[in-house]
> 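Before anything else, here's the structure in question.
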Amino acid sequence: MTPMTLSFHARALHILFFACSLAIASAHAAAPSKTLHVAFPTAETSFDPAFASDEASYDILVNIMEMMLDYDYLVRPVKLVPRTLEAMPAVEDNGKTYTMKVRKGIFFTSDPAFKGKPRELTAGDYAYALKRILDPAVSSPWLWMLTGKIVGGDEAREKAVKTGKFDYDSPIGGLEVVDRYTLKIHLKSPDLRFLYVLAVPSTAAMAREIVEAYGNDIGAHPVGTGPYMLGQYKRSSRIELVTNPSYREVTYAPSGPIPASSQAVAAGLNGRRLPLVPRIEISIIEEAQGEWLSFLNGEIDYLFLLPKEFTDQALVNGKLRSSLAAKGILHQVLVQPSVSYTYFNMENPVVGGYTPEKIALRRAISMAYDIDEAIRVLSHGRALPANGPIPPDIAGYDPNLKTNAQVYDPAAARALLDRFGYKDRDGDGYRETPEGKPLVLERWSSPSTAAREADELWKKNMDAIGLKIVSKKDKEPELIKMARLGKISMRSAAWGADYPDAENFMQLLYGPNVGQGNTSRFNLPEFNRLFDEARPLPDSLERTKLFDQMTQLVIAYAPWRLTINDIRDTFAHPWVRYYVPHPLGSGWWSYLDIDEAARVKGK
């Protein structure tokens, strides 16, 4: 049915929808100058939730597109709450069946793909979003969340691999659209943590009309039901978000205990309609100096992560400098559940492999890297040494874990290299392979100042044990693409929790996730078996012991050189209201407000 032949009922709905949109837009337009200014140190890669995996893209996406569940802004420990659902999903069969009821009356922002009609959010939009993750053509890095879980999901993907096309119209038993607003997800086996998946931005609702209209350019055309919509957009440079005129009425009400430090924020948000700021300007500032100066000049309103090289200018013994405190700047500290590491491509002919001499090479590299100096020089003391893939505040983290395989010991590293035949045969100061061939380590990094400092430390440490290392450069989005394709031999990376569970970190080393989150391309049958065993278990000592065994395998085979658990220092100007850093992300912009009078006075 074309717009010209709408029924009377549909025409009335169409008029009412846009009348409401105009009224809401007018209400938000009451404070047109109120703008939140933020910046990211790396550019976005894509606004396609099924494909994006970087922090910049995700923090923008979660303000445009919506998952079924989300985390309460202020409640600690973190707590899942409904976002577009009427209530939390009903869990049946010990975690094998989940039933979701989508709230009625939620609409996507208008787009030409909808041909002038208001487009309501339905249960089918979430089923479609999950199918896109399964579609081989999308190359989703989030496939690991669904692999082996959804009834009929693996079979649908295998069929698409054979035929070259995913059949979105063919039903999948595990994605049962019961009616317009009800979705049942059937899992192959119990998974008590599957609710976390429904809060990961990659599962945000997608309208099929939008995907089909924009095709391969869908990553530049996010259309959702969230508080904001994409305004002006200059790729990898400047991004504008503006209030979604069709956004439903949402106010904040805590769903659980709030720390004393956040009580005033909760009181300030009480009864206020979200979002509070009608416009957000996002800049990409890749150099740390530019980002820091922009903050000091009031050109950006808050820093969700202080560039480490400016720690001494901002803090004294971990406390805000008096000169900044006098300006009313707010400093908050967050030990985010994250882990940083340098990974080795296990398929690379130089640093990869599972034979004793290749393991010895990676262990020697790991023992030669001075983590204490890295924390002192690169992190300016604002980090903790990582002793396993699982970070603090996540069940399975062991603060007392000790291992000699990654303790700084250059003498032991040199002895290990000697023992396995890595010797300097031509007298140039650098070792050759056991076969006598040239040995050169290639480590990739971005062109930023901080990355260059890290390059220098790596070279210094490798020179000390007679290993030649060279630095290769590219921009972060390109490095992410290369890593997924296995084209990077060695690179430093970090992973922040998508959800508060050890599985989210161990999946980075799970063999079937090669080409997704597993950038080291580590594929060890014993590790995979332990991961599969741990997946369906409830939180228990038994499950924790399995994670301990996985950690020991990672230490033994050394696909990673574990480095740090980051301490995040966040800063906000006094005109920013209600900012509280959250352990699982930083894109909570709909809760923030700007006092424009205070901004003018402060600048």
> Below 4.0 angstrom, N of the basic side chain to O of the carboxylate: do Asp501 and Arg543 qualify?
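A salt bridge links Asp501 with Arg543.
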> Is the count of non-hydrogen atoms from other residues, nucleotides or ligands lying under 6.0 Å from Asn523 atom CG greater than 12?
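Yes - once you tally the heavy atoms of other residues, nucleotides and ligands closer than 6.0 Å, there are more than 12.
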> What's the verdict on side-chain contact (heavy atoms from CB on, under 4.5 Å) for Phe194 and Met145, showing C-alpha distance, side-chain angles and the deciding distance?
CA-CA 9 Å; Phe194 192 74; Met145 296 193 305; over 6 Å; no
> Would you mind reporting whether Lys188 and Ile150 have side-chain heavy atoms less than 4.5 Å apart?
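A side-chain contact is absent here, since even the closest heavy-atom pair is not under 4.5 Å.
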> Supply the atom-to-atom distance Arg568 CZ to Leu303 CG, rounded to the nearest 0.5 angstrom.
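Going from CZ on Arg568 over to CG on Leu303, the span is 11.5 Å.
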> Mind listing the closest non-hydrogen atom pair of Ala368 and Ile465 along with its distance?
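Nearest heavy atoms, Ala368 then Ile465: CB-CD1, 3.4 Å.
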> Give a yes or no answer on whether the side chain of Arg362 reaches the backbone of Gly353 with a donor-acceptor pair at less than 3.5 Å.
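Flag set: sc Arg362 to bb Gly353 pair under 3.5 Å.
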> Does the side chain of Phe51 come within less than 4.5 Å of Arg132's, by heavy atoms?
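Contact flag for Arg132/Phe51 side chains = no.
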> Under the side-chain contact (heavy atoms from CB on, under 4.5 Å) criterion, do Met490 and Ile469 qualify, and how do the steps go?
CA-CA 10 Å; Met490 183 177 172; Ile469 188 169; 4.2 Å; yes
> If you round to the nearest 0.5 Å, how far is CD of Gln406 from CD1 of Ile371?
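So the CD1 of Ile371 and the CD of Gln406 are separated by 9.5 Å.
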> Under 3.5 Å, is there a donor-acceptor pair between the Ser446 and Lys473 side chains?
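The criterion, which ignores hydrogens and geometry beyond distance, is not satisfied for Lys473 and Ser446.
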> Considering non-hydrogen atoms only, spot the tightest contact between Leu146 and Val197 and give its length.
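Looking at all heavy atoms of both residues, the closest pair is CD2-CG1, 4.3 Å.
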> Looking just at side-chain N and O atoms, do Asn387 and Tyr397 make a donor-acceptor pair shorter than 3.5 Å?
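No, no side-chain donor-acceptor pair sits under 3.5 Å.
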> Cation-pi between Arg431 and Phe420: NZ/CZ under 6.0 Å from ring centre and within 45° of the ring axis?
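Output no; distance or angle outside limits.
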> What are the two closest heavy atoms between Leu187 and Asp191, and how far apart are they?
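So the minimum-distance heavy-atom pair works out to CD1-CB, 3.7 Å.
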> Would you please say whether a donor-acceptor pair under 3.5 Å links the side chains of Arg382 and Ser379?
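Result is no, nothing qualifies.
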> Do the non-hydrogen side-chain atoms of Pro389 and Val339 ever get within less than 4.5 Å of each other?
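No, side chains not in contact.
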> Going by heavy atoms in the side chains, are Glu373 and Arg376 under 4.5 Å from each other?
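With C-beta onward as the side chain, the pair touches.
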> Taking atom OH of Tyr557 as the centre, does the number of heavy atoms from other residues, nucleotides or ligands within less than 6.0 Å exceed 12?
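Count not over threshold, so no.
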> CG/Leu134 to CD1/Ile172 distance, rounded to the nearest 0.5 angstrom?
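Here the interatomic distance stands at 5.5 Å.
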> Does the side chain of Glu542 pick up a donor-acceptor pair with the side chain of Ser540 at under 3.5 Å?
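No.
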> So how far is it from Thr42 OG1 to Ile285 CD1, rounded to the nearest 0.5 Å?
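Separation between the atoms: 12.0 Å.
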> Do the side chain of Asn528 and the main chain of Gly511 share a donor and acceptor less than 3.5 angstrom apart?
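Yes: the side chain of Asn528 pairs with the backbone of Gly511.
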> Evaluate the side-chain proximity of Asp539 to Arg193: yes if any heavy-atom separation is below 4.5 Å, no if none is.
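When only atoms from C-beta onward are counted, Asp539 and Arg193 do touch, with a gap below 4.5 Å.
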> Report yes or no: does Thr163 contribute a side-chain atom to a donor-acceptor pair with the main-chain N or O of Lys165 at less than 3.5 Å?
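Present.
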> Compute whether any side-chain donor of one residue and acceptor of the other, for Tyr408 and Asn461, lie under 3.5 angstrom apart.
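No, because no side-chain N or O of Tyr408 sits under 3.5 Å from a partner of the opposite role on Asn461.
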> Tell me the closest heavy-atom pair linking Gln507 and Gly517, and the distance in Å.
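Nearest pair, atom of Gln507 first, then Gly517: OE1-CA, 4.5 Å.
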> For the CG atom of Asn518 and the OH atom of Tyr510, what is their distance to the nearest 0.5 Å?
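One gets 11.0 Å once the value is rounded to the nearest 0.5 Å.
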> Is there a side-chain contact between Tyr196 and Asn504 (heavy atoms, below 4.5 Å)?
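Not in contact.
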> Report the C-alpha separation of Phe304 and Glu55 in whole Å, then their side-chain angles, then the decisive distance to 0.1 Å, and conclude whether the side-chain contact (heavy atoms from CB on, under 4.5 Å) test is met.
CA-CA 11 Å; Phe304 70 91; Glu55 192 166 20; 3.8 Å; yes
> Are any side-chain N or O atoms of Asp569 and backbone N or O atoms of Thr311, one a donor and one an acceptor, separated by less than 3.5 Å?
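It does not hold such a pair.
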> Counting N and O atoms only, with roles assigned by atom type, does the side chain of Arg521 sit under 3.5 Å from a partner on the main chain of Met346, one being a donor and the other an acceptor?
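Checked: no pair found.
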> Do side-chain atoms of Gln516 reach the backbone of Trp144 as a donor and acceptor pair under 3.5 angstrom?
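Judged by distance alone, yes, a pair lies under 3.5 Å.
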> Going through the distances and angles, do Leu562 and Ile555 end up as a side-chain contact (heavy atoms from CB on, under 4.5 Å)?
CA-CA 9 Å; Leu562 292 152; Ile555 299 300; 3.8 Å; yes
> Would you name the heavy atoms of Val138 and Ala50 that are closest together and state the gap between them?
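That would be CG1-CB, 3.9 Å.
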> ring-ring contact (aromatic ring centres under 6.0 Å, His included), that's the test. Do Tyr499 and Tyr71 meet it? Break it down for me.
CA-CA 10 Å; Tyr499 53 86; Tyr71 293 90; 8.9 Å; no
> Can you check salt bridge (Lys or Arg N to Asp or Glu O under 4.0 Å) on Asp474 and Arg491, steps first, answer last?
CA-CA 11 Å; Asp474 212 327; Arg491 177 174 173 248; over 6 Å; no
> Measure from the side-chain N and O atoms of Ser283 to the backbone N and O of Ala39, and report whether any donor-acceptor pair falls under 3.5 Å.
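A pair under 3.5 Å: no.
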> Give a yes or no on whether the backbone of Ile300 and the side-chain of Ser294 come within a donor-acceptor separation of less than 3.5 Å.
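Checking the backbone N and O of Ile300 against the side chain of Ser294, no donor-acceptor pair under 3.5 Å is found.
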> Can you find a pair of side-chain heavy atoms, one from Ser202 and one from Tyr58, that are under 4.5 Å apart?
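A side-chain contact under 4.5 Å exists here.
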> Within a reach of under 6.0 Å around CZ of Arg529, are more than 12 heavy atoms found that belong to other residues, nucleotides or ligands?
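Result for CZ/Arg529: enclosed.
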> So does Ala220 get a backbone contact from the side chain of Asp217, meaning a donor-acceptor N/O pair under 3.5 Å?
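Not at all, since once roles are kept as given, no pair shorter than 3.5 Å links the two residues.
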> Once you measure the plane-to-plane angle for Tyr341 and Tyr343, does it fall in the parallel (<30°), tilted (30-60°) or perpendicular (>60°) bin?
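Rings of Tyr341 and Tyr343: tilted, 30 to 60°.
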> How far apart are the closest heavy atoms of Pro41 and Glu291, and which atoms are they?
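Closest pair (atom of Pro41, atom of Glu291, distance): CB-OE1, 4.0 Å.
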> If only atom types and distance count, is the side chain of Ser57 paired as donor or acceptor with the main-chain N or O of Asp54 below 3.5 Å?
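Answer holds: no.
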> Atom CD1 of Ile365 and atom CZ of Arg561: how far apart are they, to the nearest 0.5 Å?
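Answer for the CD1-CZ pair, Ile365 versus Arg561, is 11.0 Å.
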> Under the salt bridge (Lys or Arg N to Asp or Glu O under 4.0 Å) rule, what do Lys459 and Glu456 come out as? Steps first, then yes or no, please.
CA-CA 5 Å; Lys459 186 176 189 317; Glu456 292 171 4; over 6 Å; no
> Hey, what's the ring geometry for Tyr233 with Phe47, parallel, tilted or perpendicular (30° and 60° as the breaks)?
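Plane angle between 30° and 60°, so tilted.
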> For the residue pair Val211 and Tyr128, establish whether any side-chain heavy-atom pair is separated by less than 4.5 Å.
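Of all side-chain heavy-atom pairs linking Tyr128 with Val211, at least one is under 4.5 Å.
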> Would you check if there is a donor-acceptor pair between the side chains of Ser492 and Arg443 at a distance under 3.5 Å?
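Side-chain D/A pair, Arg443 to Ser492: present.
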